[in-house]
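All chains are named by letter (A, B, ...) in the order of the sequence lines, taking the proteins before the strands, and each is independently numbered beginning at 1.
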Number of protein chains: 2
Amino acid sequence: MVVSRLSLYLRELRQLVREGRSTVSSSQLGKMLGVTDAQVRKDLAYFGHFGHPGIGYRCDELIAEIRRILGTDRQWIVTMIGVGNMGRALLRYKGFAEQGFRIVAAFDTDPRIIGTKIEGIPVYNPDQLRDVIRQQRIQLGMITVPAPQAQHAADQLVAAGIAGIVNFAPVTLSLPEKVGLVGVDLTTELEQLAFSVANRNSKR
Amino acid sequence: MVVSRLSLYLRELRQLVREGRSTVSSSQLGKMLGVTDAQVRKDLAYFGHFGHPGIGYRCDELIAEIRRILGTDRQWIVTMIGVGNMGRALLRYKGFAEQGFRIVAAFDTDPRIIGTKIEGIPVYNPDQLRDVIRQQRIQLGMITVPAPQAQHAADQLVAAGIAGIVNFAPVTLSLPEKVGLVGVDLTTELEQLAFSVANRNSKR
DNA sequence: TCGTGTGAAGTGATTCACAGCG
DNA sequence: CGCTGTGAATCACTTCACACGA
């Protein structure tokens, strides 16, 4: 709800800073993302008083605040379970490190890649999962294994004491309440698009 | 809102069919996805009367209905703009084809890969984009180019007459109203997870 | 004057509860 | 009896409108 938009505000704010802007108003920020100015103000005011009446929001200040709210002002240590096509692509993606997500270990059952490094990240045998996660203080896991193995992978991560999981496999995982979960299903996204295109008459 | 859950129902229904189930009740389906039974019924009844009082929903019947609603009962012809790590991973992903999304062409500026095929899909020079899209009747595009090039890629797709875009680049695209748009930002997803973990006390 | 923060009003989505059907 | 479909009630989110600060 609110939080999902904070990430987007953050993205736009970084863009503004790159362009040399130092302040921005709620209506400008809103226009960039297709939301109303009132929405932007409500979202931001929900977590504190970050604006300056008559001025707007100072970009660098607001970036710092949002990062603090999201918890991305500190570093998160991440592991990847499954080094197939998707896993490999994500390991090579630079964007995570830029936002403070440091992938330090990957796991896969394929003996041909165990022991190798991808983009400097070592690939381990899954039977070392518990040890590696504890020794390296890994907090988050990304699951990119095939659907049938995803629940098992998740169970192992939970058993090793992980705090949160991003699941890319197209299945619903069941996890204990205390573990955070975000699901990303690319097929679902395409289906959404198909619907929105097939019913363009109604709404965006 | 409703539609985003339809995809998930569909996913669970396919799973049920694989397990040999022929009918399912709203409460069973809801439990699998963590929503209430009333929610499931409201969602499904919104598009028609698919249930059988006293019985539940017939899985195969409901699958067909949801596919028809989403527009995935027919095939969609898709192109990929950007054949870097992410693009390559998605080209190799089998899940799209299974749900009726057929990727028939890819585009990239790297001369070393133009003219090659990846998973049977030819990689073209972007200057052929308009022609290829028209000749092959391509309807949807997936953008996996670096952020600074994403808007340009989107503009070209729109100019070529595409109906919808999935954008994986971490920028907000501005498109004409008539073109469908779904954005997937992996960093945003991780930020969501970070927040949910950092504030586990409040809610899931 | 410009632009925030915020009650109040409005809109939309979710849950409740139950009539009705197989 | 089990389970759907659905009005009514509740809850959440969004927009409006304006007081107030720089």
Q: Using a heavy-atom cut-off of under 4.0 Å over every strand shown, decide if Ser27(B) touches base, sugar-phosphate, or nothing.
A: nothing
Q. Taking the side chain of Pro53(B) as heavy atoms from C-beta outward, which of dG5(C), dG20(C), dT14(C) is closest to it?
A. dG20(C)
Q) Does Tyr46(A) put a side-chain nitrogen or oxygen below 4.0 Å from OP1 or OP2 of dT4(C)? A) no
Q. If you measure from the Lys or Arg side-chain nitrogens to the Asp or Glu carboxylate oxygens, is any gap between Lys94(B) and Glu119(B) under 4.0 Å?
A. yes
Q: Could you check how far CZ of Phe50(A) sits from C1' of dT6(C), rounded to whole Å?
A: 15 Å
(Q) Suppose we screen for side chain to side chain contact (heavy atoms under 4.5 Å, CB included). Which residues come up paired with Leu8(A), at least two apart in sequence or across chains? (A) Arg11(A), Leu33(A), Thr188(B)
Q.
We want to know whether Ser26(B) and Arg41(B) form a side-chain donor-acceptor pair, criterion being a heavy-atom distance below 3.5 angstrom.
A. yes
Q. Salt bridge between Arg5(A) and Asp43(A), side-chain N to carboxylate O under 4.0 Å?
A. yes
Q: Write down the distance between NE2 (His49(A)) and P (dG5(C)), rounded to a whole number of angstrom.
A: 7 Å
Q. Chain A on DNA chain D: first and last contacting nucleotide, 5' to 3', under 4.0 Å to a heavy atom?
A. dC13(D) to dA22(D)
Q: For Lys42(A) and for Gln39(B), locate the closest nucleotide of DNA chain C by heavy-atom distance; then report the residue assigned to the nucleotide nearer the 5' terminus.
A: Lys42(A)
Q. Touch check for Gly54(B), heavy atoms < 4.0 angstrom, all strands: base, sugar-phosphate only, or nothing?
A. base
(Q) In whole Å, I'd like the distance from the CD atom of Glu65(A) to the P atom of dG5(C). (A) 11 Å
Q.
What I'd like to find out is whether the side chain of Asn167(B) reaches to under 4.5 Å of the side chain of Val182(B), using heavy atoms alone.
A. no
Q) Which residues pass the side chain to side chain contact (heavy atoms under 4.5 Å, CB included) test with Ala106(B), sequence neighbours left out? A) Met80(B), Val83(B), Leu91(B), Ile121(B), Val123(B)
Q: Compare side-chain N and O positions of Thr36(B) against OP1 and OP2 of dT15(C) and report whether any pair is under 4.0 Å apart.
A: yes
Q: Determine: side-chain N/O of Arg41(A) to OP1/OP2 of dG7(C), distance under 4.0 Å, yes or no.
A: no
(Q) Rounded to whole Å, please give me the gap between CE in Met1(B) and P in dT11(C). (A) 16 Å
